[in-house]
Amino acid sequence: MRMSLVAVVSLIAMNDSVFATSVVNKDTEVRILIVTERGDKVQLALHAGETVEFCVNGCFVNWPNGDLEALTGSETIEISGGVARIK
């Protein structure tokens, strides 16, 4: 029984990261995203070249240019020239 519980917990942890949004900052300066997930609003600072995963269960994001976007948690995003593009 203990072995199956460990396997289930591991599977859940893997699934969370599989379905997270991934964002990479290809700019040479820090870019700030405002992320609202489950009613909590946080600032996500991405340094030059950094990749971050977030938004596991859907969220809203304010991009560097001020646009607001609803995400499902399965997107791949690239920031370049201060503009975010969903791929």
Side-chain angles (χ1 to χ4, degrees):
M1 178 71 165
R2 181 183 163 125
M3 190 67 132
S4 1
L5 181 59
V6 170
V8 168
V9 170
S10 296
L11 185 59
I12 290 170
M14 285 183 353
N15 282 341
D16 279 350
S17 65
V18 169
F19 295 111
T21 293
S22 176
V23 61
V24 61
N25 180 8
K26 294 200 169 186
D27 285 343
T28 57
E29 59 189 82
V30 174
R31 296 296 181 190
I32 306 290
L33 304 179
I34 309 297
V35 179
T36 304
E37 190 169 7
R38 295 186 188 133
D40 296 323
K41 187 180 278 192
V42 297
Q43 286 190 0
L44 181 61
L46 289 110
H47 295 273
E50 184 175 24
T51 300
V52 175
E53 289 187 349
F54 68 105
C55 192
V56 176
N57 296 310
C59 63
F60 293 95
V61 176
N62 286 94
W63 301 117
N65 67 358
D67 287 348
L68 178 67
E69 181 88 28
L71 302 176
T72 63
S74 61
E75 295 85 359
T76 300
I77 299 162
E78 181 179 289
I79 299 174
S80 180
V83 177
R85 291 176 183 83
I86 299 174
K87 299 207 165 222

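These values consider heavy atoms only, across backbone and side chains, with no hydrogens, waters or symmetry-generated copies.
Separation of atoms CD (E69) and OG1 (T21) is listed at 10.0 Å; rounding is to 0.5 Å. In this structure, the separation between CD1 on I77 and OG1 on T51 is 11.5 Å, given to the nearest 0.5 Å.
In this structure, T36 has no side-chain hydrogen bond (donor to acceptor under 3.5 Å, both in side chains) partners at least two apart in sequence or on a different chain.
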Assess the residue pair V23 and F54 against the criterion (side chain to side chain contact (heavy atoms under 4.5 Å, CB included)); give the C-alpha distance rounded to whole Å, side-chain angles, the decisive distance to 0.1 Å, and a yes or no. CA-CA 8 Å; V23 61; F54 68 105; 3.5 Å; yes
For I34 and W63: C-alpha separation, side-chain torsions, deciding distance, then whether side chain to side chain contact (heavy atoms under 4.5 Å, CB included) applies. CA-CA 7 Å; I34 309 297; W63 301 117; over 6 Å; no
Assess whether side chain to side chain contact (heavy atoms under 4.5 Å, CB included) is satisfied between C55 and V61, documenting all intermediate values. CA-CA 9 Å; C55 192; V61 176; 5.7 Å; no
Determine, step by step, whether I86 and T76 satisfy the side chain to side chain contact (heavy atoms under 4.5 Å, CB included) criterion, reporting the C-alpha distance in whole Å, the side-chain angles of both residues, the deciding distance to 0.1 Å, and the verdict. CA-CA 6 Å; I86 299 174; T76 300; over 6 Å; no
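Using a 3.5 Å distance cut-off with no hydrogens or angles, the side chains of S22 and E53 do not pair a donor with an acceptor.
The main-chain N or O of G81 is found under 3.5 Å from a side-chain atom of D27 such that the two form a donor-acceptor pair. Looking at E37, its side chain does come within 3.5 Å of a backbone N or O of V56 through a donor-acceptor pair.
Scanning all heavy atoms of the two residues, the minimum distance from V30 to I32 falls at CG1-CD1, 4.0 Å. Residues P64 and G82 share a closest heavy-atom pair of CB-O, 3.4 Å.
Between E78 and K26 there is a salt bridge, since at least one side-chain N of the basic residue sits less than 4.0 Å from a carboxylate O of the acidic one.
No side-chain heavy atom of F60 sits less than 4.5 Å from a side-chain heavy atom of L71.
Screening L46, N62, V42, N25 against L33 for a side chain to side chain contact (heavy atoms under 4.5 Å, CB included) leaves a single residue, L46.
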